[in-house]
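Data first, discussion second: the structure below is written as structure tokens.
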Amino acid sequence: MGIDFSYATLLLLSLLVVMISGGRGNEYEYDDPLSFSYYQSSCPSLENIVQEKVKHWLEKDPTLAPALIKLHFHDCVVRGCDASILLNHKGSERRANVSKSLRGFEVIDDIKAEVEKKCPKTVSCADILTSAARDATVSAGGPFWMVPYGRKDGRISLHKEADSVPMGHERITDLVELFQSKGLNVLDLVVLSGAHSIGRCNCDAIQYRLFNYKGTGRPDPSIDPKYLNFLRRKCRWASEHVELDAVTPHKFDVQYYKNIQKKMGILSTDQLLYSDSRTAPLVSTLASQSSAFNHQFAASMVKLGNIQDYLVDENGEIRHNCNHVN
């Protein structure tokens, strides 16, 4: 059975990215003690609990699926996947401006409460959030992947550190450098951006593109004119919201990449993926390769979930309540 040429192209580009980056990383490594069997004896019911709780909440509110994925991303790109985003105190990441749109905290709290009943003082909030993001992806029609466990919960959460999280108006070079600093590559950037296949954003995040792009008093010329008219009507008020994928907003698929090809990327960073020579070929490949996207999304989410700051290993804990340190 021959391999599809486009999929082979994707794999080749992946290898080239690794070669170009020289396999560089920093303090974030992937040879860590995380294990698929970490809770096999101490909390064998963990995954069933997470799955049932996520299912319960998403039946009531399907928009929590992309919210949980986003919450996991915000956690992992600051101090690694240590549940620092969940800490709720003055000056924490959770209180930062960049975190205002985050949702799903109540889902994690509910899961944690149930896990504590079955396996007290055993499972970290970081592991729960990572697993919940996977199950949220599956619920939206995305791929399943095995989650390795053993993360510790961090004790530090700083408002100013959350400013490193992308807001949707950065340059591609800024995003590439951020991802590389976490041990992720250009392929991971393009593939994880595909999470925007579901979910929505607040209109205040894109109004500058619609009405006064770069101070010109005119809209961003990279937006399709018909789509621009739709967005201008939809986003008259900053408090409104708009779907990230205008075509199949509730289905986890490759339509996001097709939209970008048609100048229908909602965030500036989405659309720029198709104009940068490092990312455009990947967008083109993924737009026509559903199976490749699903396979690589799972792989990139594992890499994201494995980002660890090893100071947490030394000073981390298993929180009793995800909102506060013990």
Side-chain angles (χ1 to χ4, degrees), residues 66-67 69-70 73-74 77-78 96-102 162-182 184-249 254-287 293 297 300 304:
I69 299 170
K70 183 178 181 180
F73 178 79
H74 275 241
V77 296
V78 181
N97 287 335
V98 70
S99 304
K100 284 183 176 179
S101 63
L102 295 180
D163 292 339
S164 65
V165 179
M167 292 288 286
H169 50 68
E170 294 80 10
R171 301 177 304 159
I172 295 300
T173 295
D174 296 331
L175 297 179
V176 169
E177 290 177 352
L178 171 65
F179 271 58
Q180 287 182 336
S181 74
K182 308 300 179 184
L184 305 176
N185 58 36
V186 176
L187 178 61
D188 298 315
L189 167 61
V190 178
V191 168
L192 291 177
S193 295
H196 290 172
S197 170
I198 54 176
R200 61 191 187 183
C201 75
N202 293 331
C203 285
D204 63 349
I206 63 169
Q207 279 192 325
Y208 77 100
R209 295 189 71 202
L210 309 181
F211 303 105
N212 188 26
Y213 185 63
K214 293 185 176 180
T216 61
R218 299 178 179 179
D220 185 342
S222 68
I223 305 176
D224 174 80
K226 290 184 179 179
Y227 190 45
L228 173 64
N229 289 336
F230 165 78
L231 290 175
R232 281 182 146 182
R233 291 195 305 272
K234 186 80 172 176
C235 287
R236 288 193 182 98
W237 306 104
S239 58
E240 295 294 322
H241 63 265
V242 63
E243 307 290 354
L244 289 167
D245 175 357
V247 181
T248 58
V254 297
Q255 185 63 47
Y256 164 80
Y257 300 105
K258 296 177 181 179
N259 292 344
I260 294 174
Q261 291 178 314
K262 297 175 181 177
K263 297 185 176 182
M264 292 174 63
I266 190 73
L267 298 174
S268 175
T269 46
D270 291 330
Q271 194 56 54
L272 286 173
L273 291 175
Y274 199 52
S275 61
D276 190 286
S277 61
R278 293 165 291 184
T279 55
L282 292 167
V283 170
S284 297
T285 300
L286 291 166
F293 169 58
F297 188 83
S300 293
L304 174 69

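Keep in mind that this is a model prediction, so the values were computed, not measured. Both backbone and side-chain heavy atoms feed into the values below; hydrogens, waters and symmetry mates do not.
Considering only heavy atoms from C-beta on, L175 comes within 4.5 Å of P166 through its side chain. Using a 4.5 Å heavy-atom cutoff, the side chains of L189 and L184 are not in contact. Taking 4.5 Å as the limit, some side-chain heavy atom of Y213 sits within range of a side-chain heavy atom of P221.
Put simply, CG on D174 and CZ on F179 are 12.5 Å apart, with the number rounded to the nearest 0.5 Å. Rounding to the nearest 0.5 Å gives a distance of 12.0 Å between CD1 of I198 and NZ of K70. The distance from the CG atom of L192 to the CG atom of L187 is 9.0 Å, given to the nearest 0.5 Å. Between the CG atom of N185 and the OG atom of S300 there is a distance of 7.0 Å, given to the nearest 0.5 Å. The distance from the OG atom of S197 to the CD atom of E243 is 11.0 Å, given to the nearest 0.5 Å. Distance check: Q255 CD to H196 NE2 gives 15.5 Å after rounding to the nearest 0.5 Å.
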Side chain to side chain contact (heavy atoms under 4.5 Å, CB included) evaluation trace for V98 with H74 = CA-CA 9 Å; V98 70; H74 275 241; 4.2 Å; yes
Apply side chain to side chain contact (heavy atoms under 4.5 Å, CB included) to the pair K263 and I223, showing each step before the final yes or no.
-> CA-CA 5 Å; K263 297 185 176 182; I223 305 176; 5.9 Å; no
Just do the side chain to side chain contact (heavy atoms under 4.5 Å, CB included) check on Q271 and I260 with the steps written out, would you?
-> CA-CA 6 Å; Q271 194 56 54; I260 294 174; 3.9 Å; yes
Side chain to side chain contact (heavy atoms under 4.5 Å, CB included) between Y256 and S193, intermediate numbers included = CA-CA 9 Å; Y256 164 80; S193 295; 3.5 Å; yes
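Here S268 pairs with Y208, R209, L272 under the side chain to side chain contact (heavy atoms under 4.5 Å, CB included) rule; sequence neighbours left out. Evaluation of the disulfide bond (SG atoms under 2.5 Å apart) rule for C235 yields C203 as partners, not counting sequence neighbours.
Without hydrogens or angle criteria, D276 side chain to R278 main chain gives a donor-acceptor distance under 3.5 Å. Within the 3.5 Å criterion, the main-chain N or O of A205 finds no donor-acceptor partner in the side chain of Q207.
Taking each heavy atom of I172 and T279 in turn, the nearest pair found is CG2-CG2, 4.1 Å. In terms of heavy-atom proximity, L244 sits nearest to C201 at CD2-CB, 3.9 Å. Closest approach of E170 and V165 over heavy atoms only: OE2-O, 4.3 Å. The shortest heavy-atom contact between I266 and I206 is O-CG2, 3.4 Å. Shown here for G217 and N212, the closest heavy-atom pair between the two residues is N-OD1, 2.6 Å.
Classification of the Y257-F293 ring pair by plane angle, with boundaries at 30° and 60°, yields perpendicular.
Pairs passing the side chain to side chain donor-acceptor pair (under 3.5 Å) check and including a residue from residues 224-240, sequence neighbours excluded, do not occur.
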